[in-house]
Amino acid sequence: MNPTPHIQGWCPGAWQPMASGDGLVVRVRPPLGRLTLHQALRLSRLAQVHGAGTLELSSRANVQLRGVPPERHAALLRSLAACGLLDADARSERLRNVVVDPLHRPGDGVQALALALHQALARSPELDALPAKFGWSIDGGYSTWLHGVSADIRLLRAPGLGTTAWRVQPDGLRWALAANNQQDAVAAGLALARWFAQRCLRQKAMGQRAGRMAACAKELESALHHPADENSTSTSTSTSVAWLADLPAGVAWVPADAVVSAQASEHIRGDDALPGWVPGVGTLVAAPLGRVPARAWADMVGAARRSGVTGLRVTPWRMVLLESGSGIAGSGRQGLEDAADPASSPHWITHPDDPRLRVSSCTGAPGCPQAHAPTLALALACAPHVPPGAHLHVSGCAKGCARQAPATVTLRAEATERGPIWAVIRQGTASQVNGERMEEAILQDNPGLLFAKNSCSTATKPRAPRSTGSPLPPSGAKPS
């Protein structure tokens, strides 16, 4: 009844869009994670002319256009190139999978490091073997908000005012490379990436899947502690001496617990990014479920321009940060509130207690051909009933594309002869096995049941067969 969903194993781009149920999904990667106001307005226009009139914010700090007809793709590429939003080619676009800390400040080195990394990636042909989803993050250390963002290599700014030092940490490893300057940090990151690319080539030659950096953390750690074991049959140890020799002089391994946040006076408290004013940077505003009508996006940009905002930083939290032009607390806030106040518009979230922040959802049907039911309206209908501190995720199938982390409650659509029914997974993800089911009519009438201490949803269990196995094969790769 519910076939195994097809996992693409790669993310769409502008050069390489992904076909979906409503046309092509075209993902735009803003240079250094930032849009000028002109670029932001152009995206709104392009979404209306070439797409379905909606812009989406991804968990990789990108902007997506949906519903692009294949015959319009070439014209869209020309328009993106004209406003500086298109890489030179598909290879450059794929390698430039870098999330830049949206909270960066002038002179902290974050943007300079991002630019240096982008340039180095473009002239590194030996990285072509990296998996399609191989990614980087550059963290200025102002919050813990980037810690949950997927990245194979993390570059973290060392603590201290005016510091030029960085820590380069492979995902999953208990060690990081300490670099004294930007150039050494880029060189260390590229050395790690080259090692992983070579490992991927060897695995491919043996008919194995490459996976991600975290999957080989133990292997890498063994190579660090036993670099002279060149007779080992391990897929990595035999080349450990060579790539360790490529590290710049002075770069050394340090325990990962020595990688601390930036200057304490700069640190933003709280585990989750929330809408509102960020001192010294600007204003964060969220898009419900990461989706905004193109016209509402244009209205926001127009109001931001009138209030002195200098640009938009796209974040991995499905928010945009409106840069303050003056550095004065509150600059740009009034114009934003005029265009995006929830009392007058459903298209933006400006208050940290908005219940729509407690829900997430994939595109669902009919936009995604693998989804068994629409998801967006159900998620928004349930939002007012999700208690503070809890999270509801609504997934159209078992892939869980829009959220990989466990949620307090995850609803997964399943097909039945009488129409879709919803599997209820508590403290888990969309791919997990469970036996609890709810019909959509019950969810619509009594959404509070999802978070009741003694849920009466067990009464709906006989209405659909119990799940007898995981919806995903054990080896299925989960998308980021």
Side-chain angles (χ1 to χ4, degrees), residues 28-48 54-58 61-65 80 83-85 99-108 110-112 114-115 138 140 142-143 145-146 266 268 273-288 290-352 354 356-357:
V28 178
R29 297 181 176 178
L32 304 179
R34 184 182 185 274
L35 296 169
T36 67
L37 296 183
H38 171 70
Q39 289 172 330
L41 283 174
R42 285 297 295 159
L43 283 179
S44 171
R45 177 63 176 164
L46 294 176
Q48 296 176 69
T54 298
L55 292 168
E56 296 181 333
L57 303 175
S58 82
N62 301 316
V63 184
Q64 289 186 169
L65 287 74
L80 290 172
C83 60
L85 291 176
V99 174
V100 181
D101 193 343
L103 306 181
H104 63 80
R105 272 74 160 170
D108 63 9
V110 169
Q111 281 204 305
L115 179 60
I138 300 178
Y142 298 105
S143 72
W145 299 347
L146 281 185
E266 301 173 328
I268 300 172
L274 294 172
W277 173 248
V278 181
V281 183
T283 301
L284 279 169
V285 56
R291 297 166 55 90
V292 181
R295 292 184 180 275
W297 176 282
D299 290 342
M300 180 268 292
V301 175
R305 186 194 299 275
R306 292 190 297 273
S307 59
V309 169
T310 55
L312 274 63
R313 302 179 189 177
V314 184
T315 82
W317 315 302
R318 294 187 169 89
M319 304 183 189
V320 292
L321 189 148
L322 287 82
E323 295 176 339
S324 169
S326 64
I328 300 173
S331 173
R333 299 170 77 177
Q334 186 58 52
L336 171 64
E337 291 174 357
D338 291 344
D341 189 277
S344 60
S345 169
H347 303 309
W348 292 104
I349 301 174
T350 58
H351 299 297
D354 193 306
R356 291 175 293 176
L357 294 170

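All residue numbers in this chain count up from 1 along the given sequence.
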### Task
Could you tell me the separation between the CZ atom of Arg318 and the CZ atom of Arg291, rounded to the nearest 0.5 Å?
11.0 Å

### Message
Any non-hydrogen side-chain atom of Glu323 less than 4.5 Å from a side-chain atom of Arg34?
### Response
yes

### Among Leu35, Val314, Asn62, Leu80, the one residue meeting side chain to side chain contact (heavy atoms under 4.5 Å, CB included) with Val28
Leu80

### Query
Does the side chain of His104 come within less than 4.5 Å of Ile138's, by heavy atoms?
no

#### Entry: Residues Ser58 and Gln64: side-chain donor-acceptor under 3.5 angstrom
no

### Query
Closest heavy-atom contact between Trp277 and Ser324?
CH2-CB, 3.8 Å

### Query
Does some side-chain heavy atom of Tyr142 sit less than 4.5 Å from a side-chain heavy atom of Val278?
no

### Query
How about Arg305 and Leu41: do any of their side-chain heavy atoms sit closer than 4.5 Å?
yes

### Message
Angle between ring planes, Trp297 versus Trp348, binned at 30° and 60°: parallel, tilted or perpendicular?
### Response
tilted

### Query
Can you find a heavy atom in the side chain of Cys83 that is under 4.5 Å from one in the side chain of Thr36?
no

### Query
Hey, does Leu103 have a side-chain heavy atom less than 4.5 Å from the side chain of Ser143?
yes

### Query
If you round to the nearest 0.5 Å, how far is CG of Leu312 from CG of Leu322?
4.5 Å

